[in-house]
> 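Take this structure first; my questions come after.
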There are 2 protein chains.
Amino acid sequence: LSDDPETQSFEGYSGIALKLLKHSGAKKGSKVKVKTTDGFEATGLIIPRYEGDSTDYLVLKLKSGYNIGLDAKTISSVTLIEDTRTEAQVGPLTSPILENSSGKTVLLFSTGGTIASKVDYRTGAVKPAYTAEDLYSALPELATIAHIKPEVLFSTFSENLAQEHWTKLSEDIVSRSRQGSSFDGIVIMLGTDTMAYVSAALSFSLIGIEFPVVCVGSQRSSDRPSSDSALNLQAAARFAAYSRAHGVFVAMHENENDATVAIHSGVRVRKNHTSKRDAFQSIDIPLFARVEQDRILINFEYPDIGKCIEEYDIRKLRFKTNFETKVALVKFHPGLDPSLFDYLANEKGVMGLIVEGTGLGHVSSRCVSKLKELVSKGVFVGMTSQCIWGHVDLNVYATGIDLIRAGVTPLGNMISETALVKLSWVLGNFPGEDPNDLMGLNLVGEMTERILLKP
Amino acid sequence: LSDDPETQSFEGYSGIALKLLKHSGAKKGSKVKVKTTDGFEATGLIIPRYEGDSTDYLVLKLKSGYNIGLDAKTISSVTLIEDTRTEAQVGPLTSPILENSSGKTVLLFSTGGTIASKVDYRTGAVKPAYTAEDLYSALPELATIAHIKPEVLFSTFSENLAQEHWTKLSEDIVSRSRQGSSFDGIVIMLGTDTMAYVSAALSFSLIGIEFPVVCVGSQRSSDRPSSDSALNLQAAARFAAYSRAHGVFVAMHENENDATVAIHSGVRVRKNHTSKRDAFQSIDIPLFARVEQDRILINFEYPDIGKCIEEYDIRKLRFKTNFETKVALVKFHPGLDPSLFDYLANEKGVMGLIVEGTGLGHVSSRCVSKLKELVSKGVFVGMTSQCIWGHVDLNVYATGIDLIRAGVTPLGNMISETALVKLSWVLGNFPGEDPNDLMGLNLVGEMTERILLKP
C-alpha cells in the first residue's frame, strides 16, 4: 500500500516482529533461521503480512510449502541465511520431471492466482507468478505422488481470465492429449475467484477427454499460516495420477480441517464463501469423489451424466475450443431498467444472454416484454435463478408462463456461471445452429435432470 | 397453459382423478366432500394441479388452510357441495377483527405472492389476490393467536415489487405506527421471490420502529399438498403478537419438517433455494429467533446491531421512506464489457452502483479503470461478493488495492441484495450527503462487523 522502499521491504510488519527483522538484516523474501524460547527452530522465507492479521507475528514459508506463524514475543533469535533473491535470480523456466517410482506422470499447469503467488514474497512483485523451480522447492511432497511436469501457461489474476484464456488452456490440453499418453492427468493451478467459470469452460471444450483434468486453487494466500495450497495440490495431483476419471474436476478443501479434499464436478461447483478454505461446494449434487491422504474415494452413487451426449455425435462436440465473447449474464433485481437489454443486444451486439431471475426464474413484467423483443430478434435468452440451489420452473406462475411464451429458455438447475460459459461455448462453436438444441441438453452433468425443451 | 375452457376447469387433472371430478359435477374451485375406501372423509376446495405432480391425485384445500392430496384410486365418492364461486361472489373487501381473548392484535397485510394466491382457485384468475374474507376462511387458527386485522395493500407478483412499493408499504406502516398502540405487531404476506429485498427496504425505512414487522411467505404454492403457508403465517402472527421485538424480520420454515419456523433478520436473509420450504437462510449470522408451536425462542446470543445508530441522531434516520430508482446491481462475470458501466452512468443517470465481484470483491482490470472513471464523476460504487457468504476484503490482492484507490467502497459482508436496497434508501433520503458515510456504517445489522471506511 506504500511506495516507500523500506515499508515494502518489511511489508505488513510492525512492533517487535519488525525490530527482530531489522536487527537480523533480514527482510521480505530473506531466508532465515528462527529460534524460539521454547526450543523451536525453523528455517524458511520471510513472507509479507497483510492488514488484519495480528501484528506481533513473524510468518515463515517452510520448505514443505506450509507456512507457520511465530509469536514474536517467543522468538529468541533470527539469523539471516540468504538474502532476498531478486526476480532475475529466480532463473529461466525449466520443466524438470520430478523423479518418482510410481510410473505415473502428471502435468502441472500454472496460470496465476493465490496458489501460484509464492514468488511474490521474493520479488515484491504484485502480479502472481510461479516458476517450475518454485514449484519444486515449495512442494517436494508432490514428487512422492507422481512424476510432475510443471509448466507456466500464463500468470494472470483469475478475475482477468476470460474467453481467450479458456481457449488457450483448452488448446494446450487438447494438443497434449493428441501427443499420446505420456501422462496420466493434468492439474491446473488457478485463482479461485473464477475457477468455477474456468472449470465449466474446460468441461465443455474437453468433452471426450480421456484423462482427469483437475483445477485446484488456494483460498488462503500462502502468506497466511492457514494456507490450504499444499493439501489441495497434493490431492489434485493424486486424483490426476490415479483416479483414471475422465473429465474436468475441481479439487478444494472439503471442510475446515486438513483431512479431506473434495473433488467436484467442473460444471456443478461454486465458490460460496469469500475466504473459508471449504468455500467451494457442489450444488444440488453430491461430491464426485474425496481424497483422504493417499486414498481416493470415488462416489459410485454419482448421477450418470453421459446420456445426452450419446445421442449427439460425440465427434461433433469433441474438443471444440472456441468461446464467443458476445454473451452476457444479467442478474435481475427490483427496479432493473429493461432498456439494459436493448443496450446489450443493439449497442453491444450480444448474441446470447443468461438472465439470473428471482425464485423459480422470474423477472418483472416490464423485463418480460423486453426479453420477448430480444428473442424475436434472434438473441438467445436463457433463465437461471439467483437462489443458487434448485431448479428454475417457468410452468408454475403466470410470469414464468409469460417468459416461456416470450421464447425464454429455462435452464433447469444449471448454475448461472456455468450457463454463461456454456452459452459462450455453444455460440462459439456451432454458429449456424439454434442454440436451444445444445443449451437444453444435459451434456456433461451441467443439469442434474435432463431438460426437454421440445416435447 | 391452455385457453380451452374445459381444460381450464380441470387444470392439471387427468386419468381417474379427472373422471371423478367430471362425474360429480365438480371442477376447479368447487367445494366437495370426498370419501375414501379406507374410511377417510374430507371437505374442501378442489385446487388445480401442475405439471410434475403425479397424476392420479386429487388435491383439496381444507378449511385449516392445509392442503391434502388424495390418491384417486382410493376415492369411493366425490360429492359436490358448492359450485365454483366467481370473482363477483367473493364480495367486497372488509376488515373484520377476528375475536381473540389474548388481548393481542396483529395487523395482517397482503401484497400478493404465493401465500396470498388462494383466490386463484376460485376465479381461475392468474393474478394473485386475497381478501380479508379469504383469510378468515382459510386460516381460522390465526384467531386463536391474536385479534387479526387483515388488509389488502396491493396485489402484485413479488417480482414486480420495486422502490415505489417499498415506499408505499413503509408509509402504510409508519402512518399506523403514528396512530398509537392499537396493535402489537404487523405481519406482511409477500411473494418469496423478492421478499429479502422488501424486508431489507423496510429494515431501513422503519429504523426506530417499536414493534415487530414480520415478512412471511410461502414457498410451496397453496395448490400443493406440501404447502407451508399455514405454519409460516401462524408463526409470523405469534411472533408479531408476543415477541415485543423491534424491527423487521422474515418468518419462514426452518427445515424440511413442519416443526419450527425461523425468524431471520430482515437485512441478513436470502432465498437460497428455488423451491424448498426452508429456502431462506440467515447469512453469516445465527437465527434471530425460532417459533416452535406456541413458543418463541429468542436467540440471546444474537449480535448487537444497534451500536452505530446511536452515534447518529436517530431522528435523522427514523422513518425515511424514499427509495431512489437510479441505482443498479451488476454481477461481474468473466468477459464483462466495462462499457456497461458507462451506459449505466452516462445514459441512464445511475447515481449509485453495487458491483457483485468475485471472491473477496474483485473485477477485471478493465473494469477497475472504468469504475474509477465513474467514481470520479460522482457515482457511488460499492463492492459486494457473488460468493454469498463471507466478507469482501480489498486489502489482500493487488486488484482490491486498485479498487480502493479507484474509490470503490468495500461493503463488508453486506448481502448484495441488501446493499442495493440500502443504497437506494441512502440516495433517496439523504441527497446532499456523501453516501459513503451511511453505506459504511452498520445501521441495523446489515454487516456483521462494523466497517470503518475512514480510519
Side-chain angles (χ1 to χ4, degrees), chain A residues 1 50-52 126-127 157-163 192-194 197 221 271-276 279 325 327-337 339-340 343 347-348 356-365 385 387-393 395-399 401 413 417 420 424, chain B residues 1 50-52 126-127 157-163 192-194 197 221 271-276 279 325 327-337 339-340 343 347-348 356-365 385 387-393 395-399 401 413 417 420 424:
Chain A
L1 292 178
Y50 292 102
E51 287 169 18
V126 174
K127 286 191 179 176
F157 273 130
S158 76
E159 57 268 30
N160 289 320
L161 299 182
Q163 279 89 347
T192 57
D193 266 24
T194 60
Y197 293 92
S221 54
K271 182 173 180 176
N272 280 338
H273 198 285
T274 61
S275 59
K276 279 169 69 177
T325 57
V327 292
L329 168 62
V330 173
K331 175 171 175 167
F332 171 77
H333 60 77
L336 179 78
D337 186 335
S339 61
L340 175 69
Y343 166 76
E347 301 294 315
K348 305 308 295 182
E356 202 177 74
T358 61
L360 292 167
H362 300 136
V363 295
S364 66
S365 308
S385 175
C387 289
I388 313 294
W389 284 268
H391 288 69
V392 299
D393 188 343
N395 292 311
V396 177
Y397 294 99
T399 301
I401 292 164
N413 68 342
E417 294 84 354
L420 175 74
S424 174
Chain B
L1 292 179
Y50 291 103
E51 287 170 16
V126 174
K127 284 191 179 176
F157 273 130
S158 77
E159 57 268 30
N160 289 320
L161 299 183
Q163 280 89 348
T192 56
D193 266 24
T194 60
Y197 293 93
S221 53
K271 182 172 180 176
N272 280 339
H273 198 283
T274 62
S275 59
K276 277 170 72 176
T325 57
V327 292
L329 168 62
V330 173
K331 176 172 174 167
F332 170 77
H333 61 77
L336 179 78
D337 186 335
S339 61
L340 174 69
Y343 166 77
E347 302 293 316
K348 305 308 294 181
E356 202 177 75
T358 61
L360 292 167
H362 300 136
V363 296
S364 65
S365 308
S385 175
C387 289
I388 314 293
W389 283 268
H391 288 69
V392 298
D393 187 342
N395 292 310
V396 178
Y397 294 99
T399 301
I401 292 163
N413 69 341
E417 294 83 356
L420 175 74
S424 174

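Naming convention: chains lettered A, B, ... in sequence-line order (proteins, then strands); numbering from 1 in each chain. It should be emphasised that the depicted structure is a prediction, and the values quoted were computed from it without experimental measurement. Excluded from the calculations below are hydrogen atoms, water molecules and symmetry mates; all remaining heavy atoms, backbone and side chain alike, are included.
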> Could you report the tightest heavy-atom contact between A/Tyr197 and B/Lys331, atom names first, then the distance?
OH-CE, 4.3 Å
> What residue in A/Ser385, A/Ser365, A/Gly335 has the most heavy-atom pairs under 4.5 Å with chain B?
A/Ser365
> Taking all heavy atoms of A/Thr399 and all of B/Phe157, pick out the closest pair and write down the distance.
OG1-CD1, 3.7 Å
> Working note: A/Trp389 + B/Ser275, criterion side-chain contact (heavy atoms from CB on, under 4.5 Å); need CA distance, chi angles, decisive distance, verdict.
CA-CA 9 Å; A/Trp389 284 268; B/Ser275 59; over 6 Å; no
> Quick check on A/Asp337 against chain B: is it the side chain, the backbone, both or neither that has a heavy atom closer than 4.5 Å?
side chain
> Could you tell me the separation between the NZ atom of A/Lys271 and the CG atom of B/Leu360, rounded to the nearest 0.5 Å?
6.0 Å
> Counting only non-hydrogen atoms closer than 4.5 Å, does A/Ser424 touch chain B with its backbone (N, CA, C, O), its side chain (CB onward), both, or neither?
neither
> Is it the side chain or the backbone of A/Glu356 that comes within 4.5 Å of chain B heavy atoms, both, or neither?
side chain
> By a 4.5 Å heavy-atom criterion (distance strictly below it), what part of A/Val327 contacts chain B: side chain, backbone, both, or neither?
backbone
> Just by distance, do the side chain of A/Thr274 and the backbone of B/His391 share a donor-acceptor pair under 3.5 Å?
yes
> So, taking the atom named CZ in A/Phe332 and the one named CG in B/Asp193, what distance separates them when rounded to the nearest 0.5 Å?
9.0 Å
> Quick check: closest heavy atoms across B/Thr358 and A/Glu159, and the distance to 0.1 Å?
OG1-CB, 4.1 Å
> With only heavy atoms counted, which part of A/Leu336 is less than 4.5 Å from chain B, the side chain, the backbone, both or neither?
neither
